[in-house]
Amino acid sequence: MRIGDININIKMGDITEEKVDAIVNAANNTLLGGGGVDGAIHKKGGPAILEQCKKHSGCPTGEAKITTAGNLPCKYVIHTVGPMYGRSDSMEEVLLYNAYTNSLKLAAEYNLKSISFPSISTGAYGYPIDEAVEVVKRAIEDFSRNESTIREINLILFSNYNFKIYSDYFE
Ligand code: AR6
């Protein structure tokens, strides 16, 4: 489907295999690695990513930082931090929206064209997928209203259940 000038692809898969300009990591405030997508990216991408992450000295929730992609087939990794569900005084929605929006803005600052996102916060951080998908779509729609270099956004889901929820909501 298309939103403005941007092609949106909803796909099942492993984000570390994406051959795009940037993949987004669902990191934590330390940017020093963890489980889930974060673990998979650092494991497959190798130590060059962690080295550059250390130089950023962490990342506040909702913001985004960029590093090399190490051994991954993409060009950059954009590390963002989503909210822990139920722990942010009802600020979750804004923080999740900011995580997507700031990742897209950072990609556009680097003149990137294609970017792949995992479903941020919906694993260890417990954000319900059906609530998260509404925020994701709204963030992309709002971002698409401004001129940018971004032409392709891939939303990568790791389970059939999440894939179906995203597919149904975006149709
Ligand atoms: N490719 C695509 N999606 C994946 C992959 C993968 N390789 N692996 C998991 N997912 P999570 P969060 C899905 O927990 O909720 C880390 O420890 C997964 O099914 O990775 O933002 C960080 O260091 C889920 O739907 O991220 C933080 O401490 C989604 O990605 C914390 O987890 C996000 O799950 C962040 O938690």
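Atoms within each ligand, like the ligands themselves, are counted from 1 in listed order. Computed from a prediction, not measured in an experiment: that's the story for all the values here.
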_I'd like to know if the side chain of Tyr125 and the backbone of Val81 have a donor-acceptor N/O pair within less than 3.5 Å._
no
*State which residue, out of Thr122, Val133, Asn162, fulfils the side-chain contact (heavy atoms from CB on, under 4.5 Å) condition with Leu157.*
Asn162
_Once you restrict to heavy atoms under 4.0 Å, what part of Asn162 touches ligand 1? Side chain, backbone, both or neither._
side chain
Which residue and non-hydrogen atom of the protein lie closest to [atom], and at what distance in Å?
atom: atom 16 (C) of ligand 1; answer: Gly35 O, 3.4 Å
atom: atom 27 (C) of ligand 1; answer: Tyr125 OH, 3.6 Å
atom: atom 14 (O) of ligand 1; answer: Ala124 N, 2.8 Å
atom: atom 20 (O) of ligand 1; answer: Val37 N, 2.9 Å

*Heteroatom proximity flag, Phe158 to ligand 1, N/O under 3.5 Å*: no
*Residues in side chain to side chain contact (heavy atoms under 4.5 Å, CB included) contact with Ala99, at least two apart in sequence or another chain*: Thr80
*With a 4.0 Å cut-off on heavy atoms, is Ser119 touching ligand 1?*
yes
*asked:* Phe158: which residues meet the ring-ring contact (aromatic ring centres under 6.0 Å, His included) condition with it, sequence neighbours left out?
replied: none
*Roughly how far, to the nearest 0.5 Å, is OH of Tyr97 from CG of Asp142?*
3.5 Å
